[in-house]
2 protein chains.
Amino acid sequence: MARRSQTEVAVLGALSVAPMTGYAVREAIRDVLGHFWSESFGQIYPTLAGLEERGYVRRADRAAPFELTGEGVARLRELLAEPPQRVPPRNGVMLRLFFGRQLGPEACRALLLEAKADAERQLAEFAALRAAVAGEGGPDTPYSLITISAGVHTARAALAWAEESLAALPEATPSELEQPGAD
Amino acid sequence: MARRSQTEVAVLGALSVAPMTGYAVREAIRDVLGHFWSESFGQIYPTLAGLEERGYVRRADRAAPFELTGEGVARLRELLAEPPQRVPPRNGVMLRLFFGRQLGPEACRALLLEAKADAERQLAEFAALRAAVAGEGGPDTPYSLITISAGVHTARAALAWAEESLAALPEATPSELEQPGAD
DNA sequence: AATCACATGTAAGGTGTTACATGATTAA
DNA sequence: TTAATCATGTAACACCTTACATGTGATT
């Protein structure tokens with residue numbers, strides 16, 4: 001039966017900032033929530049239709065932007081108040097490193113270098129994002145900054161981990177280097 | 001068409017450590033890989049069946065433990081060498097904090113306290129795990145330690161972030177505190 | 001004898017991803 | 001007028017989760 005979908009939360013949340021088209025909801029989720037949330041775009045219109053049917057969303061006529069109703073705001077608050085669903089972890093990089101003996105030290109090294117580059121890229125993105133958001137200064141700003149800060153902390157941790165692990169890797173490899181594909 | 005499943009990697013990887021029953025594979029994934037990987041247990045037996053059919057896995061008779069064939073080892077290495085699939089992020093806590101203005105400062109505070117407690121719990125678990133793994137000293141140990149280290153770094157980052165954000169939260173709340181449910 | 005853990009599965013049904021289909025509007 | 005972007009969807013299908021079904025072996 002699978003976990004309950006949280007697509008509604010993301011869609012209602014996006015519309016709580018401002019009325020917008022489905023297309024704009026999709027872009028907001030990609031560009032604004034993108035660092036910690038993602039949606040299948042194929043789900044957005046069906047979700048909007050369902051929300052409209054239940055009276056949480058209505059369409060204003062011109063250019064048909066979707067708009068939250070009063071019930072929609074209440075519904076959003078209700079959903080936000082539910083305990084967050086923990087998504088089961090599924091980290092492909094860790095899965096590979098864990099079986100690093102099978103994968104080989106060189107490939108592990110490459111994975112760690114890529115993780116490091118990823119973390120650095122993210123840090124730069126978050127710095128730019130933080131500057132942009134802090135400049136706005138709206139009522140949602142403090143909350144945006146909290147999520148950006150989480151990204152910064154996580155990326156810094158990933159960077160430190162990757163560097164530390166790269167330094168630790170060679171110690172384990174001298175014996176294996178001789179027999180890369182050997183059984 | 002959805003991303004390619006990596007269930008095979010986890011199952012083949014588990015069997016690469018030692019032949020074992022499907023039941024044991026399931027426990028290994030839960031208890032050993034659990035910090036960074038998870039599987040639907042309903043997938044494990046069908047996956048094993050598929051692997052057996054393609055000759056990557058065979059059954060030894062007694063107590064029917066599943067065992068990797070030579071092709072199975074090769075297949076595992078092949079899969080490990082593929083670029084890791086990034087799972088789209090879906091962080092329910094961040095989603096709630098981002099819309100914290102709708103959720104209210106008190107609930108945000110509760111989320112952060114819970115995140116902090118989670119991080120502390122994880123740090124304790126990782127410390128115990130690290131001690132246990134380091135004691136073994138097998139050929140897979142250095143790779144296990146790398147993944148555990150990632151967990152430690154991440155948990156420490158989460159802890160620091162939660163504490164920092166808890167301290168930052170009150171500054172944003174004095175005006176909202178007067179009108180908790182008001183529209 | 002009953003209970004619990006081990007062991008191997010199956011079934012139902014929601015969820016999510018990707019790719020495609022279709023039209024309106026704007027820009028070069 | 002061709003192309004690109006905006007805009008609203010639909011369809012196919014793989015994936016995943018949960019719950020159930022069934023039997024064995026050991027322990028109390």
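Chain letters run A, B, ... following the sequence lines, proteins first and then strands; every chain starts at 1. What's counted below: heavy atoms across the whole structure, side chains too, no hydrogens, waters or symmetry copies.
Within the nucleic acid shown, B:Gly42 comes within 4.0 Å of at least one base atom, counting heavy atoms only.
Here the side chain of A:Glu27 is nearest to one of D:dC6, C:dG9, D:dT8, namely D:dC6. Considering only the side chain of A:Pro46, D:dT10 comes nearest among D:dG9, C:dA7, D:dT10. In the set D:dG9, C:dT8, C:dG16, the nucleotide with an atom closest to the side chain of B:Tyr23 is C:dT8. With C:dG16, C:dG9, D:dC16 as the choices, the nucleotide that has an atom nearest any side-chain atom of B:Arg90 turns out to be C:dG16. For B:Thr21, the listed nucleotide lying nearest its side chain is C:dA7; candidates were C:dG16, D:dT8, C:dA7.
With 3.5 Å as the limit, one finds a donor-acceptor pair spanning the side chains of A:Thr7 and A:Glu39.
Whole-Å rounding puts the A:Gln6 CD to C:dG14 C1' distance at 15 Å. Following rounding to the nearest Å, A:Arg30 (CZ) and D:dA7 (P) show an atom-to-atom distance of 13 Å. To the nearest angstrom, P of D:dC16 lies 17 Å from CD of A:Gln85. Protein atom CG of A:Leu48 is 8 Å distant from nucleotide atom P of D:dT8, rounded to whole Å. To the nearest angstrom, P of C:dG9 lies 13 Å from CZ of B:Arg26. Between the CZ atom of B:Arg86 and the C1' atom of C:dG16 there is a distance of 20 Å, given to the nearest Å. If you take OH of B:Tyr45 and P of C:dA11, they are 16 Å apart, rounded to a whole angstrom. In this structure, CD of B:Gln43 is placed 13 Å from C1' of C:dT15, rounded to the nearest angstrom.
Centroid-to-centroid, the aromatic rings of A:Phe36 and B:Phe98 come within less than 6.0 Å.
Along DNA chain C, the nucleotide nearest to A:Ser38 and the one nearest to B:Phe41 differ in position, and the one closer to the 5' end is contacted by B:Phe41.
Among residues two or more places apart in sequence or in another chain, the ring-ring contact (aromatic ring centres under 6.0 Å, His included) test is passed with B:Tyr56 by none. Under the rule for a side-chain hydrogen bond (donor to acceptor under 3.5 Å, both in side chains), the partners of B:Arg58 that lie at least two apart in sequence or sit in another chain are B:Glu67.
In this structure, B:Thr7 does not reach the D:dC15 phosphate: none of its side-chain N or O atoms is under 4.0 Å from OP1 or OP2. At least one side-chain nitrogen or oxygen of B:Ser5 sits closer than 4.0 Å to the OP1 or OP2 atom of D:dC16.
Ion pair A:Glu71/A:Arg77 not flagged as a salt bridge, since none of the NZ, NE, NH1 or NH2 atoms sits closer than 4.0 Å to an Asp/Glu carboxylate oxygen.
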